[in-house]
Amino acid sequence: MLDPQAKALLDLIKERGLPASNELSPAEARQAYRDRRSYTQPAAPEVGAIRDIAAPTPHAPVPLRSYRPAGSQPQAVLPALVYFHGGGWVIGDLDTHDVLCRQLCNASGCAVLAVDYRMGPEHRFPAAIDDALAVTRWVFAQAKELAIDPARIAVGGDSAGGNIAAVVCLGLRDAGEALPAFQLLVYPATDMRRGAPSHRENGEGYLLTSAVIEYFQGHYVGAAQYDDWRASPLLAANHAGLPPALVLTAGFDPLRDEGLAYADKLSAAGNQVQYVCFSRQIHGFITMGRVIDEANTAVLLCADLLRRKLAN
């Protein structure tokens with residue numbers, strides 16, 4: 001059964017005739033995503049400190065938003081979460097995920113560094129991955145200046161951001177570099193081929209439709225690149241030696257089965273993995289705590305595990 005609160009949201013979207021992302025230009029879809037967040041997202045909680053900074057990369061500086069939890073001391077050395085927002089590698093930004101980052105920051109006691117990576121169609125694959133890897137390396141290198149503990153850095157993200165976080169872990173492992181202590185993967189996209197049963201079962205009527213997925217992928221990556229592990233981390237040749245993970249999925253999400261498949265792949269390779277499916281939920285629900293109560297439950301679950309996995 002679909003969660004009644006999720007159903008009410010879907011019914012309202014249909015009643016008001018709100019256009020789907022694939023019916024808009026990328027610029028229009030980005031603005032619509034920003035505009036609609038005020039209806040579904042909770043009020044932004046106060047945090048201890050917030051500032052916009054930038055990480056130098058080989059391409060250009062990447063904007064970041066740094067959060068410190070309420071009640072923390074400015075120079076206290078904290079664990080940290082490097083967070084990559086969702087939005088199909090086309091929409092989303094530091095503002096669309098500001099509330100979620102604040103929630104995770106306060107509830108986990110971790111600093112959060114949100115990443116405004118480059119997106120398609122202006123910057124196609126693998127630009128987002130290049131930015132994410134460069135920023136994560138910079139965070140490790142600048143840990144002292146950022147007042148964070150380099151041994152307690154996690155990466156995470158939702159949807160496209162979950163895809164990026166998974167790829168960052170694979171890329172750093174393959175390069176023989178320092179690995180994050182944890183990966184938080186919220187309904188991640190892991191297989192660009194879209195062959196899992198959940199794509200057929202949930203491809204219509206649940207906000208993230210097959211047409212929307214095709215729109216996002218078309219602006220980000222070419223079909224010839226679907227098998228590249230940097231686009232489809234499920235297809236990496238080796239999943240051993242990766243950080244502990246939480247993979248969270250939603251039952252009425254086209255990406256549900258590829259999230260589960262990735263959790264199973266990580267477990268089969270000997271990694272520590274927890275898998276949780278919110279079986280009555282839709283894709284994107286974790287940012288919708290104003291109208292979907294289970295969103296707040298999911299945020300607290302993620303934050304609690306972050307706190308425990310990144311404890312001293």
Side-chain angles (χ1 to χ4, degrees), residues 47-69 72-85 94 97 101 104-105 108-118 126-158 160-186 188 229-230 233 236 238-246 266 271-272 302-303 305-312:
V47 294
I50 181 170
R51 63 189 179 110
D52 289 340
I53 57 177
T57 75
H59 303 282
V62 174
L64 308 178
R65 185 164 293 165
S66 169
Y67 302 83
R68 306 278 291 183
S72 63
Q73 296 300 312
Q75 293 307 311
V77 178
L78 299 176
L81 169 66
V82 179
Y83 196 84
F84 306 103
H85 66 79
L94 298 179
H97 285 66
C101 288
L104 290 171
C105 178
S108 69
C110 297
V112 174
L113 293 152
V115 184
D116 197 14
Y117 55 87
R118 290 175 295 164
I129 301 303
D130 291 341
D131 283 358
L133 280 165
V135 167
T136 305
R137 288 173 171 131
W138 180 84
V139 170
F140 272 103
Q142 298 298 314
K144 183 176 180 180
E145 290 74 14
L146 295 168
I148 61 176
D149 183 351
R152 295 187 292 157
I153 296 173
V155 294
D158 58 297
N163 165 281
I164 292 169
V167 172
V168 164
C169 291
L170 288 162
L172 293 176
R173 182 208 58 186
D174 289 352
E177 298 179 50
L179 285 176
F182 183 67
Q183 49 182 327
L184 173 65
L185 310 179
V186 178
W229 64 268
R230 297 172 300 167
N238 177 14
H239 291 85
L242 291 169
L246 170 64
L266 292 176
N271 303 290
Q272 298 177 26
C302 293
L305 199 53
L306 276 168
R307 180 187 293 275
R308 291 189 284 119
K309 290 294 185 182
L310 300 182
N312 285 321

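The figures that follow rest on heavy atoms only: side chains count, while hydrogens, waters and symmetry mates do not.
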Return the minimal non-hydrogen interatomic distance between [X] and [Y], and the atom names on each side.
X	Y	value
C302	V186	SG-CG2, 4.3 Å
P243	A181	CB-C, 4.1 Å
R68	Q75	NH2-C, 4.2 Å
I164	A128	CD1-CB, 4.1 Å
G162	P188	C-CB, 3.8 Å
A165	G157	CB-N, 4.2 Å

Between [atom1] of [X] and [atom2] of [Y], what distance do you get to the nearest 0.5 Å?
X	Y	atom1	atom2	result
D158	L184	CG	CG	9.0 Å
L81	L310	CG	CG	8.0 Å
I148	Q142	CD1	CD	9.5 Å
T136	L179	OG1	CG	11.0 Å
L242	Q183	CG	CD	6.0 Å

Are [X] and [Y] side-chain neighbours, meaning at least one heavy-atom pair lies under 4.5 Å?
X	Y	value
I153	V82	yes
P244	F182	yes
S108	P69	no
L170	R230	no

Please confirm whether the backbone N or O of [Y] pairs with a side-chain atom of [X], one donor and one acceptor, at under 3.5 Å?
X	Y	answer
Y117	H85	yes
H97	F84	no
Y83	G161	no
N271	A245	no
R118	V62	no

Exercise for review: Walk me through it: do R173 and N238 pass the test side chain to side chain contact (heavy atoms under 4.5 Å, CB included)?
Suggested key: CA-CA 10 Å; R173 182 208 58 186; N238 177 14; 3.9 Å; yes
Practice item. Hey, could you give me each pair passing salt bridge (charged side-chain N to carboxylate O under 4.0 Å, His left out) that has a residue in residues 47-60? Not counting sequence neighbours. Key: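 Qualifying pairs: D52-R65.
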Point to revise | Trace of the side chain to side chain contact (heavy atoms under 4.5 Å, CB included) decision for L146 with S66 | key: CA-CA 9 Å; L146 295 168; S66 169; 5.7 Å; no
Exercise for review: May I have the step-by-step check of side chain to side chain contact (heavy atoms under 4.5 Å, CB included) for L266 and Q272, ending in yes or no?
Suggested key: CA-CA 8 Å; L266 292 176; Q272 298 177 26; over 6 Å; no
Exercise for review: Only pairs at least two apart or in different chains count here, so list each side-chain hydrogen bond (donor to acceptor under 3.5 Å, both in side chains) that has a residue in residues 143-156.
Suggested key: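 Counting only pairs at least two positions apart or across chains, the side-chain hydrogen bond (donor to acceptor under 3.5 Å, both in side chains) contacts touching residues 143-156 are D149-R152, R152-N312.
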Check your understanding: Among L133, N163, V135, V115, which residue meets the side-chain contact (heavy atoms from CB on, under 4.5 Å) test with V168?
Key -> L133
Exercise for review: Give the C-alpha distance, both sets of side-chain angles, the deciding distance and a yes or no for side chain to side chain contact (heavy atoms under 4.5 Å, CB included) between L113 and W138.
Suggested key: CA-CA 11 Å; L113 293 152; W138 180 84; 5.7 Å; no
